Amino acid sequence: RNYIEANGNVLINGVASKLKWDRKFQGNDKEADQLKITGTYDDADRNQLGLPVNSFIAGAVPVEILIKEKTHEDFDIHVLADLGKATLRAKHLGWQKDAGVPATLNLDVVTNKSGATSLQNVKLDGRDLTVRGQIEMNKAHQVTSFSFPNISYKVLSNIHVDGVLDKRKIWKISAGGKTFDGRGLLKSILRTGKVGNGGKSNELSKGIDLKAKFGTVLGWKQSKLSGF
């Protein structure tokens with residue numbers, strides 16, 4: 001069995017990464033090319049790469065990107081990220097994963113001819129945390145919609161969240177489910193007087209229109225609201 005393999009350090013948009021390329025042959029036939037890109041990317045690196053994720057991810061993240069040839073112009077792209085040293089924030093839900101808490105992210109990247117990108121089969125797993133869903137981005141790599149039909153945290157929260165950015169740049173978000181641990185959201189409101197930290201003026205979104213309905217919302221000292 002013959003093969004060609006290349007390894008080396010590369011710059012992607014000025015960001016240091018490592019690359020490994022494999023081409024294998026079986027007889028006279030070439031098997032699918034496979035390219036692996038690895039690197040550890042912090043907030044500045046992600047901005048340099050044009051990845052609009054720093055509003056909910058902070059800190060250095062080791063990433064492995066596996067690109068496999070399907071046809072001459074079509075590729076399978078899979079991303080694996082170790083989020084253990086990063087801080088994750090869902091500011092509009094008052095939720096945060098602190099740095100040092102284990103978590104991993106797996107997803108598939110699909111692009112179309114218009115340049116838009118779909119992040120499919122999104123799987124975020126961590127300590128007492130499970131998220132499944134899909135994210136859509138335009139050709140400028142800005143998130144325009146998302147759907148997370150399965151979000152569970154510490155067994156207490158079991159919800160779904162969907163969002164679409166409308167023409168006014170307002171996020172229309174709907175959330176619901178059987179149970180929602182509302183203590184983080186209430187703490188955020190009591191501390192700042194608003195949901196989340198308000199965001200930055202240069203963010204794509206100009207606001208949020210949130211509609212939520214939960215079977216039970218959990219609070220402090222075993223308090224809860226039903227049909228909220």
Side-chain angles (χ1 to χ4, degrees), residues 10-19 34-71 73-83 85-93 95 97 103-124 131-149 151 161-174 196-209:
V10 297
L11 291 176
I12 303 175
N13 279 5
V15 178
S17 305
K18 292 185 177 181
L19 180 147
Q34 184 169 285
L35 184 69
K36 182 166 73 172
I37 301 170
T38 57
T40 298
Y41 307 121
D42 60 17
D43 297 33
D45 293 331
R46 291 190 291 271
N47 282 333
Q48 184 77 8
L49 292 168
L51 301 175
V53 297
N54 286 343
S55 61
F56 52 87
I57 298 178
V61 177
V63 176
E64 177 181 295
I65 304 170
L66 188 63
I67 304 171
K68 198 168 185 179
E69 184 182 32
K70 290 173 62 178
T71 65
E73 296 182 346
D74 195 13
F75 302 88
D76 282 330
I77 304 176
H78 183 75
V79 178
L80 170 63
D82 181 354
L83 301 172
K85 295 182 179 180
T87 298
L88 306 183
R89 299 186 187 93
K91 61 186 180 181
H92 297 304
L93 295 176
W95 173 84
K97 182 203 82 69
T104 59
L105 174 67
N106 283 271
L107 59 86
D108 296 314
V109 181
V110 178
T111 58
N112 60 31
K113 294 181 179 179
S114 70
T117 302
S118 176
L119 306 182
Q120 300 180 359
N121 303 314
V122 175
K123 298 178 181 179
L124 175 59
V131 178
R132 299 289 185 268
Q134 181 168 319
I135 301 171
E136 303 294 333
M137 298 189 295
N138 59 23
K139 60 183 179 181
H141 294 165
Q142 296 167 326
V143 177
T144 56
S145 69
F146 58 83
S147 176
F148 296 109
I151 301 176
V161 180
D162 298 277
V164 176
L165 190 67
D166 68 16
K167 295 180 180 179
R168 301 171 298 161
K169 305 302 182 184
I170 302 295
W171 274 107
K172 300 183 74 67
I173 297 177
S174 62
N197 60 16
K200 298 179 181 179
S201 59
N202 62 351
E203 288 183 345
L204 175 64
S205 170
K206 294 182 179 179
I208 179 173
D209 178 5

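Please read these numbers as outputs of a predicted model, since none were measured by experiment. Values below: every heavy atom of this structure, side chains too, minus hydrogens, waters and symmetry copies.
Evaluation of the side chain to side chain donor-acceptor pair (under 3.5 Å) rule for Thr117 yields no partner, not counting sequence neighbours. With sequence neighbours excluded, no residue satisfies salt bridge (Lys or Arg N to Asp or Glu O under 4.0 Å) with Asp162. Qualifying side-chain contact (heavy atoms from CB on, under 4.5 Å) partners for Leu19, counting only residues two or more places apart in sequence or in other chains: Val10, Trp21, Leu35. Every residue meeting the side-chain contact (heavy atoms from CB on, under 4.5 Å) condition with Asp43, not counting sequence neighbours, appears here in chain and number order: Arg46, Asn54, Ala58. Take Ala16 and apply the side-chain contact (heavy atoms from CB on, under 4.5 Å) test, not counting sequence neighbours, and it matches Leu11. Considering only residues two or more places apart in sequence or on other chains, Asn112 meets the side chain to side chain donor-acceptor pair (under 3.5 Å) condition with Ser114. With sequence neighbours excluded, no residue satisfies salt bridge (Lys or Arg N to Asp or Glu O under 4.0 Å) with Asp42. Scanning for salt bridge (Lys or Arg N to Asp or Glu O under 4.0 Å) contacts around Lys172 gives Asp209, with sequence neighbours left out. Scanning for side-chain contact (heavy atoms from CB on, under 4.5 Å) contacts around Lys123 gives Asn106, Asp125, Arg132, with sequence neighbours left out. The ring-ring contact (aromatic ring centres under 6.0 Å, His included) search around Phe148 returns Phe146, not counting sequence neighbours. For Gln120, the side chain to side chain donor-acceptor pair (under 3.5 Å) test picks out Ser118, with sequence neighbours left out. With sequence neighbours excluded, no residue forms a salt bridge (Lys or Arg N to Asp or Glu O under 4.0 Å) with Asp108.
Contact between Pro149 and Gly133 at its shortest, heavy atoms only, is CD-CA, 3.8 Å. Residue Ala103 comes nearest to Leu124 through the heavy atom pair CB-CD1, 4.5 Å, listed as atom of the first residue, atom of the second, then distance. In this structure, Val15 and Gln48 approach most closely via the heavy-atom pair CG2-CG, 3.5 Å. In this structure, Val143 and Leu165 approach most closely via the heavy-atom pair O-CD2, 4.0 Å. The two atoms that bring Ser145 and Trp171 nearest to each other are N-CH2, 3.8 Å, heavy atoms only. Here the shortest heavy-atom pairing between Val61 and Asp82 reads CG1-O, 3.5 Å.
Counting only heavy atoms from C-beta outward, the side chains of Arg89 and Thr87 approach each other to under 4.5 Å.
Rounded to the nearest 0.5 Å, atoms CD1 (Ile12) and CD1 (Ile37) are 4.0 Å apart. Expressed to the nearest 0.5 Å, how far OG1 of Thr104 lies from CG of Leu83 amounts to 7.0 Å. Atom CD1 of residue Ile77 and atom CG of residue Leu119 lie 10.5 Å apart, to the nearest 0.5 angstrom.
No donor-acceptor distance shorter than 3.5 angstrom exists from the side chain of His78 to the backbone of Ile67, with no hydrogens or angles considered. Panel note: side chain Glu64, backbone Lys36; no donor-acceptor pair is recorded below 3.5 Å.
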Starting from the C-alpha separation in whole Å, work towards a yes-or-no answer on side chain to side chain contact (heavy atoms under 4.5 Å, CB included) for Leu80 and Leu105. CA-CA 6 Å; Leu80 170 63; Leu105 174 67; over 6 Å; no
